[in-house]
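Presented below is the structure to which this report refers.
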Amino acid sequence: MISLKLVRRNLLKHKMRSALTIASLVVGIFLLCVLRSLVVAIESGVQGAKRDRLVVQSAVSLFVSLPLNYQAKMEEVPGVAKIVKWQWFGAYWQEPKNFFANFATDPDALFDVFPEIEIVEGSVEEWRKDRRGCIVGDKIAEEYHWKVGQTIPLISAIFPPPQGDTWEFTVSAIYRPKSTAIDRRTMFFQWEYFEKGVEPLYGESPGTGTYFLRLAPGADQNEVMRRIEAMYENGPQRVTCSTEAAFQMQFVTMMGNIPTLMMSIGTGVLIAIALACVNTMLMAFRDQAHDVGIMKALGFTDGGVAGYMLSQSLFLCLLGGLLGVALAKGSQPLLMMGPMGAMFPGYDVTNRTMVIAASLSAAIGLVAGFVPALAARRMRSVDALRSVE
Amino acid sequence: MLVPLAYNVRSIFVRRSATILTLLGIGATVTVLTGFLALRAGFRAVYTQGGRSDVVYFLRPGATSEGQSSFPRERADRLVKSTPEIAQDAKGAPLAAMEIYNAVRRQKARGAGETNVPIRGVQPASFALREGFRVVAGREFKFGSDEVMVGTKLIDRIQGCGLDEVIQLNTTPFRVVGVFESAGAAPSEIWGDYERIGVALAVPWANSILARLKPGVDLKEFASRIKNDKENPCKVMTEPEYLEAQTNALGTMLAMVGVILGVVMGVAAIFTAMNTMLAALAARTHEIGILLSVGFRPLAIFVSFLFEALLLGLLGGAIGCLLALPLNGIETGTTNWDTFTEIAFSFRLTPDVLVTAVIFSLALGLFGGAIPAFRAARLAPTEALRRR
């Protein structure tokens, strides 16, 4: 039987080496967790998508708006329960770098279609009453120190304000979503304010980029999608109607190879730390060849000494890996405060990520311990004893 | 006196397996970082090369890219015709073009999903305003007809962008009649007639106006005059300024990830290098005792060990660069968040990237080797000699 005390003593004998190995695992596994969480962030919208929601957009382009009269016609399609329009407003706070998603929408319909938006401060009634009112995600409220009742001037990169340089909004309420379909850095404001503001410039009422549809229970998703697309087959603007998941997925595919790239970097990191661990374990074995000989002479079995080498490696790697996982999870609130939180609002070190990272560190431990374990197993005690330390 | 460098070079090759593993570890780190820097260099190169400083973009105040900007047509038209600073062509027409910048949904090749391909409605002056513009296959589209040209980067990456294929814009089919090349981001775009594209997409405005200025126009003065214009205030940016601004979001993201990667992976690699050097120290304690007792100063021992670590770093860095070399020129594409459209670019292992990689690998060796070298220098000769 191998005693854990022996393993521990041996690792403590080379404090510096053990510490360095553990430390390199900590950073490696930490990085791996961060990379995977970024991919999770990119795909978070898809994960939060609801089956009973559909999205209607222009079939031609993400930049082309749909006429407002589409809504009434789509409401008549059997199976459609509620519709809400969202128009991308492209506004920022003071400087272009203080950027977040903001949409003009209908307050009532918004909550009908997205019941997961939960008001945590202020009230929906306030919002309905105030034409300039808006609701903001708790993350942006925190980031820019916005309070309920505060007036916030925003600059829209797309729509010039009716007068002056900024559009003025009042924070009516702060929300926190119950699912990842809505992120915590979005602002919604009244359609009416938007429409009245941009009409004078373009001479007509603006269209909307997207309609979100909530289906009635038991509605046939595919049938609704087919009918809506067919309605506008001959223009004036062709539409594409997709599930919410497919809609969110388009933003993931837009990123192209970036998620793949992140994962290949992760693989590179993994290889680098695995090599480092193999290296350490080979060094450890060289130091301990003599000890192994003694152990064998004392009656430790081949399997026993192999296990002894293997458990040293496993212990180091698991310890480093778990610390790395803990660091990734612990640093999450800190990372979310910086520019990364703004760019990847869905960043989350999930349980799945943690399990994967911990398993990988165990796997590295096994790989790194394999050669020394095999060598220890094969070694004859006479040879080992003869080797000079 | 310094310890001969040959001693270190030989020592490195004595402990072969440890050396190779360390080199590979450093190499893998350097490869990842180099690949990443090459990606960033490729992306930036698209936007930083070929901009002319006498060409300006007129955008709506507040807009940061063409897609966000818009002008009512008649205002844009008036601006082009009534701005004396705009240069003229041989026939006396202003060298300026109103352009539409929009995007069309297209499937990427090899089933990689949908993306937004930029489509530009251009006017005759647009061609002359672009550095390096030329048609490489087929012909230019005819103004007034439903025809388009595609940039060279689209052909292999986006479905349905070959010669004679048809791109459906809403209810109007446009035929691809030519393929063009140019500096900047244009090779990732589809170009057609400003009027026809506007009608097909129901876009009743111009997104931007591009113009060449007469020589000697004071840019600052001009920009401030246009900015404060009562009737049609615009933001004026030179082409290099405008292009640079299109790299903000993705450029920042790539730089940020690059720094995180460099620091985190670098720290791990430093630990590896340190471990290796400590093992080397342990194995050679006896030798160090000999060196000290024949009269080498501790400083010489320190320098010698540090040199060995630097050599490890450099060799690892060379391996890393070699491993990253095949990436050079590989085309990839992603959505540029500033324009919200697809941009194609290639990995570019520029001299800058390689120099950074080498400096990085030397730093890995330096930081990894400092502590072991210090320990080696501090050994007492008698103590060291006793160790076998």
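Chain B forms the most heavy-atom pairs under 4.5 Å with one residue out of Ala59(A), Ala23(A), Pro160(A), Gly268(A), and that residue is Pro160(A). With respect to chain B, the highest number of heavy-atom pairs below 4.5 Å among Leu35(A), Leu38(A), Leu282(A), Val64(A) belongs to Val64(A). Heavy-atom pairs under 4.5 Å with chain A peak, among Thr115(B), Thr272(B), Thr171(B), Leu33(B), at Thr171(B).
A salt bridge links Glu66(B) with Arg120(B): at least one charged nitrogen is closer than 4.0 Å to a carboxylate oxygen.
Neither the backbone nor the side chain of Ser65(A) comes within less than 4.5 Å of any heavy atom in chain B. Of the two parts of Phe36(B), only the side chain, counted from C-beta on, holds a non-hydrogen atom closer than 4.5 Å to a non-hydrogen atom of chain A. Contacts between Arg157(B) and chain A at a heavy-atom distance below 4.5 Å are absent for every atom of the residue. Proximity to chain A is limited to the side chain of Leu39(B), based on heavy atoms less than 4.5 angstrom apart. Interface residue Leu261(A): only side-chain heavy atoms are found under 4.5 Å from chain B. Interface remark: Arg75(B) contributes side-chain atoms only to the contact with chain A (heavy atom separation under 4.5 Å). Only the side chain of Ile371(B) has a heavy atom closer than 4.5 Å to any heavy atom of chain A. Contacts between Thr332(B) and chain A at a heavy-atom distance below 4.5 Å involve backbone atoms as well as side-chain atoms. Heavy-atom distances place the side chain of Arg60(B), and not its backbone, under 4.5 Å from chain A. Contact annotation for Phe159(A): only backbone heavy atoms (N, CA, C, O) come within less than 4.5 Å of a heavy atom of chain B. For chain A, no part of Ser65(B) is nearby; none of its heavy atoms comes within less than 4.5 Å. Contacts of Asn234(A) with chain B are made by backbone atoms alone, with heavy-atom separations under 4.5 Å and no side-chain atom involved. Only the side chain of Leu278(B) comes within less than 4.5 Å of a heavy atom of chain A; its backbone N, CA, C and O stay farther away. In this structure, the portions of Glu114(B) lying under 4.5 Å from any heavy atom of chain A include both its backbone and its side chain. For Val104(B), the parts lying near chain A are the backbone and the side chain together; criterion is any non-hydrogen pair under 4.5 Å.
Within the 6.0 Å centre-distance limit, the rings of Phe43(B) and Phe345(B) are counted as a close aromatic pair.
Between atom CG of residue Leu364(B) and atom CE of residue Met265(B) there is a gap of 10.0 Å, rounded to the nearest 0.5 Å.
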Trace of the side chain to side chain donor-acceptor pair (under 3.5 Å) decision for Asp338(B) with Thr64(B): CA-CA 8 Å; Asp338(B) 282 294; Thr64(B) 53; 5.3 Å; no
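When each of Leu261(B), Leu37(B), Leu323(B) is checked for a side-chain contact (heavy atoms from CB on, under 4.5 Å) with Val32(B), only Leu261(B) meets the rule.
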